Amino acid sequence: MNNSPSAVSAQGQGQGAAHAGSLAGKSVLVTGGGSGLGAALCQVLAGAGATVVVSDIRRETAERVAGLLREEGATAHALDCDVGDPDGARQAIDAAISACGRLDVLINNAGTDITCSIEEMNVTDWDRVIRTNLYGPFLMSKYAAHHMREQKSGAIINIASTAARRAWPNASAYHASKWGVLGLSHALHAELRPLNIKVTAVIAGGMRTPFLLDRFPDIDLSTLQDPRNVAEAVLAVLQMPAETVIPEIMVLPMKESSWP
């Protein structure tokens, strides 16, 4: 974990003219921000005026996305973080606050999976999935909530999945982790709401991201959604008035036939 984010500021509104300035003055930390939905979240929220901290387990991918955002006129920082490591998670939150002065939004997006039967699943792989997908959001939320409590405001977005509402074979660790994330998110909503900290679970359906396509190369792309669509839904949640909180939102592809 490198706790010294690289940052270059630039003038301009960046992308997302329709939302320009709606998150101006806000700082956002996105875990797993180096690709897929994470990268889309960084782009959409930066386009809305937020200062974005791109966090990824791979420093080079975080730097790449942050660099692209700066080229578009956004203010962006990059850091590497293993969200499942307690020291790394704490240092990531501290580094984001050091770089931005405050932390308004934490998006727990980092995730991993292994597709195999429970008979083939080894203990190491099970631990890796649970540590990244469930323990990571717990750690990041724990340390972020401490700072948000002091500043008397904040928002935590937990990226879940339809895997938290249904099941398919050969994904026991992933299902366990995402059902856990959904429960964690609702528990934090109840606990942190009196402290003026909003917590939202985002149940995302299939997206055209490397996370899905690398594992299922034969999937019908027409049944999937652009990850930017999910990112836009997250932006809409963050734009709600201060007096309103959305505990859960589901964002599905129109043609995803496996969900009613």
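Because the structure is a prediction, the values reported are computed rather than measured. We use all heavy atoms of the structure for the numbers below, so side chains are in, but hydrogens, waters and symmetry mates are not.
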Any sub-3.5 Å donor-acceptor pair from Thr162's side-chain atoms to Gly205's backbone N or O?
no

Any side-chain heavy atom of Cys116 within less than 4.5 Å of one from Asn170?
no

d(Lys142 NZ, Ile156 CD1) to nearest 0.5 Å is 12.0 Å

Got Val28 and Asp104 here, is their nearest side-chain heavy-atom distance under 4.5 Å?
no

Charged N to carboxylate O under 4.0 angstrom, Arg58 versus Asp56?
yes

Quick check against the 3.5 Å criterion: does Arg70 have a side-chain atom that pairs as donor or acceptor with the backbone of Ala76?
yes

Counting C-beta onward and ignoring hydrogens, is there a side-chain heavy-atom pair between Pro86 and Tyr143 closer than 4.5 Å?
yes

Would you say Leu195 and Leu192 make side-chain contact, with heavy atoms under 4.5 Å?
yes

From Ser55 atom OG to Ile93 atom CD1, the distance as rounded to the nearest 0.5 Å
8.5 Å

Go through it in stages, so that I can follow the logic: the residues are Asn229 and Asp226, the test is side-chain hydrogen bond (donor to acceptor under 3.5 Å, both in side chains), and I'd like the CA-CA distance, side-chain angles, deciding distance and then a yes or no.
CA-CA 6 Å; Asn229 299 348; Asp226 187 329; 5.7 Å; no

Here the pair of heavy atoms bringing Thr31 nearest to Ala110 is OG1-N, 2.9 Å

Quick one, Glu248 and Leu182 - any side-chain contact, counting heavy atoms below 4.5 Å?
yes

Are Trp179 and Leu184 joined in one hydrophobic group, where the rule is that I, L, V, M, F, W and Y side chains link up if heavy atoms are under 4.5 Å apart?
no

Is it the case that the side chain of Glu232 and the backbone of Val44 share a donor-acceptor pair, with hydrogens and angles ignored and the cut-off at 3.5 Å?
no

Minimum heavy-atom separation for Gly34 and Val54, please, with both atom names.
N-CG1, 4.3 Å

Closest non-hydrogen atom pair, Asp85 against Gly88
OD2-N, 2.6 Å

Donor-acceptor pair, Asn158 side chain versus Asn108 backbone, under 3.5 Å?
no

Checking the side chain of Lys198 only, and the main-chain atoms of Leu238 only, is there a donor and an acceptor separated by less than 3.5 Å?
no

Rounded to the nearest 0.5 angstrom, the CZ-OG1 distance for Arg128 and Thr112 is 4.0 Å

Okay, side chain of His77, backbone of Ala66: is any donor-acceptor separation there less than 3.5 Å?
no

Just so I know, are the side chains of Arg193 and Val199 near enough to count as touching, which here means a heavy-atom distance under 4.5 Å?
no

Any donor-acceptor N/O pair, Ser177 side chain to Val129 backbone, under 3.5 Å:
no

Would you check if Met140 and Leu29 make a side-chain contact, meaning some heavy-atom pair closer than 4.5 Å?
yes

If you round to the nearest 0.5 Å, how far is CD of Gln91 from OG of Ser98?
12.0 Å

Are Leu106 and Tyr135 connected in a single hydrophobic cluster, I mean Ile/Leu/Val/Met/Phe/Trp/Tyr linked by side-chain heavy atoms less than 4.5 Å apart?
yes

So do Ile197 and Met148 actually touch side chain to side chain, heavy atoms under 4.5 Å?
yes

So OG of Ser141 and CG of Leu188: to nearest 0.5 Å the spacing works out to 5.5 Å

Nearest 0.5 Å, please: how far is CG in Leu139 from CZ in Arg90?
9.5 Å

Can Glu60 and Arg64 be counted as an ion pair, charged N to O under 4.0 angstrom?
no

Donor-acceptor contact present, side-chain His147 to main-chain Arg102, <3.5 Å
no

Between the main-chain N or O of Lys152 and the side-chain N or O of Asn196, is there a donor-acceptor pair closer than 3.5 Å?
yes

Over 12 foreign heavy atoms within 6.0 Å of CD1, Ile118
no

With a 3.5 Å distance limit and no angle check, can you tell me whether Gln225 reaches the backbone of Val251 through a side-chain donor-acceptor pair?
yes

